[in-house]
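Some notes on the structure that comes next.
Throughout, a chain's letter reflects where its sequence line sits, starting with A, and its residues are numbered from 1.
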Amino acid sequence: MVTRPMVPRAIFVALLFSATAAAQTAPAPVLFVPLPGEGLSEDVAHAVSEAVPQGLASRLSRRELRVATELTEPLLGCPDAPCRGQRLAEAGGTAGVLLTVSPPRGRGPIEMRFEVVDAVTGAPRGEAVEIEVPADAATDSATLGELLAPTFDALAPQLPAPPSRAMLLVAANLDGATVQVDGEPRGETPLPPLELDPGTHTVTVTARGYEPFNRSVELSLEGTRLNVDLEPAAQTAEAMARQDAADAEDFVANAPADQPLRKQWWLWAAVGGGVVLITTIAVVAAVAGGGGGAQRFEIPPIPEGM
Amino acid sequence: MGRRLPLLLLMFAQCGDGGPPPHLLRIVADDGSLMGNSIIQAAVQEIEIIVVPDINDGRFEPSEPREIMGGDAEVRVSAAGEWVLKLRKRWIDENAEPSGSTFQVMVPIYTEQGEDAMVRDPTLRVAFLRNGVRIAESNPRFLQWPPPPGEVTVVNVFCPEMFRLQCLNND
């Protein structure tokens, strides 16, 4: 692991990268995050912003690269690997290429340090690669690209492998629903993303009391999210409507008459009930010594219905 | 004292170690890989567990909030007849354990209701609260009834995009 001390960092050139970032809107699992050092010239920043994404992208077969300058500041504020991993994951990446650029000291070279890290954990996927580039060569993107070519080659094995299978995320509005793909059970919701061959698949989601969900999906290597809104079955919907109607009738039938509050029977019933309840709680608390002890939670019986 | 004796015996019977093991709710804070955003433990001040009887069954008898376990938890039955257990910060801190990059808690539950009861599986929902706001919630799911002793029901709790910052807030 390279441990060379670096100069203080800042987000001096973040704006220069933003135009490139804005153009990249497609889902991109690999994120390139520049971490520029304070005092870096605009010429160098420009050259880096063109040469590095181009060089990296050419080594990322079938996998998108996104320049994520919005992560520059959050990552500079990250104290440890889990923090940066979390930031990368939140931005939708599966890995990140972090480039620390240190401006030249005097007439010295520009120091560049590349590190490929995993999203979520932030763990390095290999040794960091460090290179010194002559300051005058770092102002031209073509020259810089040529100088960095061996570096990109060295980083290539650390980049995530291109996907060979498609991912399908089945996101249902009900947990515990059974998911079948092409007739084969795949488990119950919520499910982690399913790895499937690219192509057409039939997804069936079923749950007791709900209408079955059936959908044919075309999967590409980019992956697909399938939102499943299970609708209550007709019988369940009828039962719900009956219950609502019954509740409404009860409400109307039991509505208090237009009498003074003190003459309402339910007020005194509530007061009496409250007294009984408080007394019961006090007795239970006194006997149980404050309620500690039992480490399990009792759920009362469910009254039987229709 | 004579009047307290039956109550005392009842409580000992319920809290004794010789009974069947409880059913465990394994409540997992999603790390954003299934849905939504990652949730850190420090962001969660309360966990709310709600059991709702099937529409065709009766409701639980409403009751006022009652503090248990020395105030670490609160149990009540809402006006809508839903059983609500609220686990407070101290209980969460004592019982949370790491789960991947997030955390989980195991909540032991039981009921005295027998297997011969003619009731349908109730619905279970779990929510994480911060400053009284539900910042993360599970999808509703059926809870096998009565909850089989010794078995585990997994509940994933998701943080929607609108609460992304709150789910990562450890202030």
Are T178(A) and V205(A) close enough that some pair of their side-chain heavy atoms sits under 4.5 Å apart? no
Go through the steps to decide whether R84(A) and E115(A) satisfy the test salt bridge (charged side-chain N to carboxylate O under 4.0 Å, His left out), and finish with yes or no. CA-CA 12 Å; R84(A) 64 188 185 182; E115(A) 193 179 12; 3.4 Å; yes
Under 4.5 Å from a heavy atom of chain A, the part of L168(B) involved: side chain
Is the shortest heavy-atom distance from the side chain of T94(A) to the side chain of L88(A) under 4.5 Å? no
Heavy-atom cut-off 4.5 Å, strictly under: side chain, backbone, both or neither for D121(B) against chain A? both
Whatever's closer than 4.5 Å to a heavy atom in chain B on L174(A) counts as both
Proximal component of A172(A), with respect to chain B [non-hydrogen, under 4.5 Å]: backbone
Which residue out of P146(B), P22(B), P122(B) racks up the most heavy-atom pairs below 4.5 Å with chain A? P22(B)
Excluding sequence neighbours, so at least two apart, what forms side-chain hydrogen bond (donor to acceptor under 3.5 Å, both in side chains) with D229(A)? none
Under a 4.5 Å heavy-atom cutoff, which of R164(B), E61(B), M118(B) has the most pairs with chain A? M118(B)
Spell out the residues in residues 77-89 of chain B that have some non-hydrogen atom less than 4.5 Å away from a non-hydrogen atom of chain A, in order of number; otherwise answer 'none'. W83(B), L85(B), L87(B)
Hey, are the side chains of Q104(B) and E97(B) touching, using non-hydrogen atoms and a 4.5 Å cut-off? yes
Do other residues, nucleotides or ligands put more than 12 heavy atoms under 6.0 Å from E94(B) CD? yes
What part of R59(B) is in contact with chain A, defined as an atom under 4.5 angstrom from a non-hydrogen atom: side chain, backbone, both or neither? backbone
Below 4.5 Å, heavy atoms only, C-beta onward: do E231(A) and F213(A) meet side chain to side chain? no
Could you tell me the separation between the CG atom of L35(A) and the CG atom of L76(A), rounded to the nearest 0.5 Å? 5.0 Å
Verify whether one side chain among N214(A) and T204(A) offers a donor that lies under 3.5 Å from an acceptor in the other. yes
V44(B) to I47(B) - nearest heavy-atom pair and separation: CG1-CG1, 4.0 Å
Using a heavy-atom distance cut-off of less than 4.5 Å, which residues of residues 128-145 of chain B contact chain A? N139(B), P140(B), R141(B), F142(B), W145(B)
Is there side-chain contact between I302(A) and P53(B), with at least one heavy-atom pair below 4.5 Å? yes
Might you point out which heavy atoms bring Q113(B) and P301(A) nearest each other, and give the distance in Å? OE1-CA, 3.2 Å
How about P232(A) and E211(A): do any of their side-chain heavy atoms sit closer than 4.5 Å? no
Without hydrogens or angle criteria, can the side chains of D31(B) and Q86(A) be said to hold a donor-acceptor pair below 3.5 Å? no
Spacing of CZ belonging to F32(A) relative to CG belonging to L65(A), to within rounding of 0.5 Å: 8.0 Å
By residue number, those in residues 147-162 of chain B with heavy atoms under 4.5 Å from heavy atoms of chain A are N156(B), F158(B)
Spatial distance of atom CG (L31(A)) from atom CG (L71(A)) [nearest 0.5 Å]: 6.0 Å
